[in-house]
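To start, the structure itself, in structure tokens.
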Amino acid sequence: MRKSEIRELLKVTQDPEIISFAGGLPNPKSFPIKDLEGVVISVLENHGRVALQYGTTQGLRELREAVTERAHKDGIETTADDVIITSGSQQALDTVGKVFLNPGDTALVGSPSYLGGINAFRSYEANLTGIPLDKDGMNIDVLEEKIKELLKNDILPKFIYVIPTFQNPAGVVMPESRRKKLIDVANEYDLIVVEDDPYEKLRFDIPPVKPVKAFDDEGRVVYMSTFSKILSPGFRLAWTIANEELTRKMIICKQALDLCTNTFTQFIANEFIRSGSLDLHIMKICEMYKPKRDIMISAMEKYFPDGYICNKPMGGMFAWVTLPEGIDTETMFLDAIKEKVAYVHGKAFHVDGGGGRSMRLNFSYSSNDQIEEGIKRLGTVIKRKLETRKAVL
Ligand SMILES: Cc1ncc(COP(=O)(O)O)c(C=O)c1O
């Protein structure tokens, strides 16, 4: 097992003087503390004896029903029986690894892809094959070629892991046509798709995009999403939607992990959804994050040297930046820390050693002023690096 680079980085960023674009943290000012006060009291008064008790491994039925209703609106056909409430999506990723992966098995992941997913799958000693992303997410033609190549060597990949909407880290969105193509490929080669969807509701400039699961008529997509980015990561609440057989297997695995997900927060989340507060809250978060995204993008235009590439993310929490030739964002990280600004370097998200010139910048966590100042500091670091390189050449 390897330690998580993001966790290690977050330690450095505990220094209050550092402006951190590193973690995938929601803005703490977005937490609906006042609204939750009433909900917490109501849960204790009306359900205290059950809410403070152990619950079922699959999760509170009322919350699974609430999740099901929301999934229907997104175009996913399911019932509460096929939903599991997990302790964060991170647990769902680990459970997927536990169900599918034996040492030496192969799984296909985006290049780049979410580090927590990569680490979870690696802990089961899987071989991870990277599939490149373009501006529309995972390149399905390359995916198909890779599958054929693996099959020629008698390797049947266990699943394809995708984050189709506001991808972490690249911020890109897979269009509907490509989602359908992904399902066609999965059907053709009889493969499972693991769809990780934490960011779709953090949409600023584009209409809703149907999840890949909405096009899945053979029950081969394991869908997961989380309350971490739309309510509170401290709740540790997420959910999976999968076919009956996989749901049963994942529940067995989860029993050994934690017996059950936090019962108290499940009750709170359920009441928060039922009162209509969650949808209002999501609107408020989007209103808060969109200007942050804009400030970050225009600060880059102001302070970064020519030659960097950053496509404006249409939602989510991350901007993905690729710097000019000759810059290694991994070694530049120490210079950035000296200037009191932090990011996650691109290599951390690649299973194939790519991403050396890239970095992920989170725009949700910092204040608007910090974003402007942090990008200014980063611009200074990058310019200095480029000048040193020129001098050497
Ligand atoms: C793509 C992706 N999947 C899963 C997670 C884990 O989320 P959770 O807090 O629900 O464990 C994150 C968190 O940043 C994420 O970005």
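Both counts, for ligands and for their atoms, begin at 1 and track the order of listing.
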Provide the number and element of each atom of ligand 1 under 4.0 Å from a heavy atom of Pro198. 1 (C), 2 (C), 3 (N), 15 (C)
Check Asp328 with Lys347, please: is the shortest side-chain N to carboxylate O separation under 4.0 Å? yes
Per-atom contacts of ligand 1 with Arg236, taking only distances under 4.0 Å to non-hydrogen atoms: 8 (P), 9 (O), 11 (O)
Which ligand 1 atoms, with their elements, are less than 4.0 angstrom from a heavy-atom of Thr226? 8 (P), 10 (O)
Quick check: Asn168 and ligand 1, any N/O pair under 3.5 Å apart? yes
Donor-acceptor pair, Glu195 side chain versus Pro164 backbone, under 3.5 Å? no
4.0 Å heavy-atom contact, Gly24 with ligand 1: no
heavy-atom search around atom 6 (C) of ligand 1 in the protein gives Tyr114 OH, 3.5 Å
Take the angle between the ring planes of Trp239 and Phe227 and call it parallel below 30°, perpendicular above 60°, tilted in between. tilted
Evaluate the ring planes of Phe318 and Tyr199, with Trp represented by its six-membered ring, and classify them as parallel (under 30°), tilted (30 to 60°) or perpendicular (over 60°). perpendicular
Hey, is the main chain of Asp197 close enough, under 3.5 Å, to the side chain of Ser225 for a donor-acceptor pair? yes
In terms of atom number and element, which parts of ligand 1 are under 4.0 angstrom from non-hydrogen atoms of Lys229? 13 (C), 14 (O)
Within 6.0 angstrom of Lys210 NZ, more than 12 heavy atoms from elsewhere: no
Would you check whether Tyr199 reaches within less than 4.0 Å of ligand 1, judged by its heavy atoms? yes
Out of Ser87, Ser89, Ser232, the nearest non-hydrogen contact to atom 7 (O) of ligand 1 is supplied by Ser89
Within 45° of the six-membered ring axis of Phe215 and under 6.0 Å from that ring's centre, is NZ or CZ of Arg179 located there? no
Counting only heavy atoms closer than 4.0 Å, does ligand 1 sit against the backbone of Pro233, its side chain, both, or neither? neither
Quick one: nearest non-hydrogen protein atom to atom 9 (O) of ligand 1, plus distance? Ser228 OG, 2.6 Å
Of all protein heavy atoms, the one nearest atom 3 (N) of ligand 1 is Asp196 OD2, 2.6 Å
Side chains of Glu145 and Glu149, heavy atoms from C-beta outward: is any pair under 4.5 Å? no
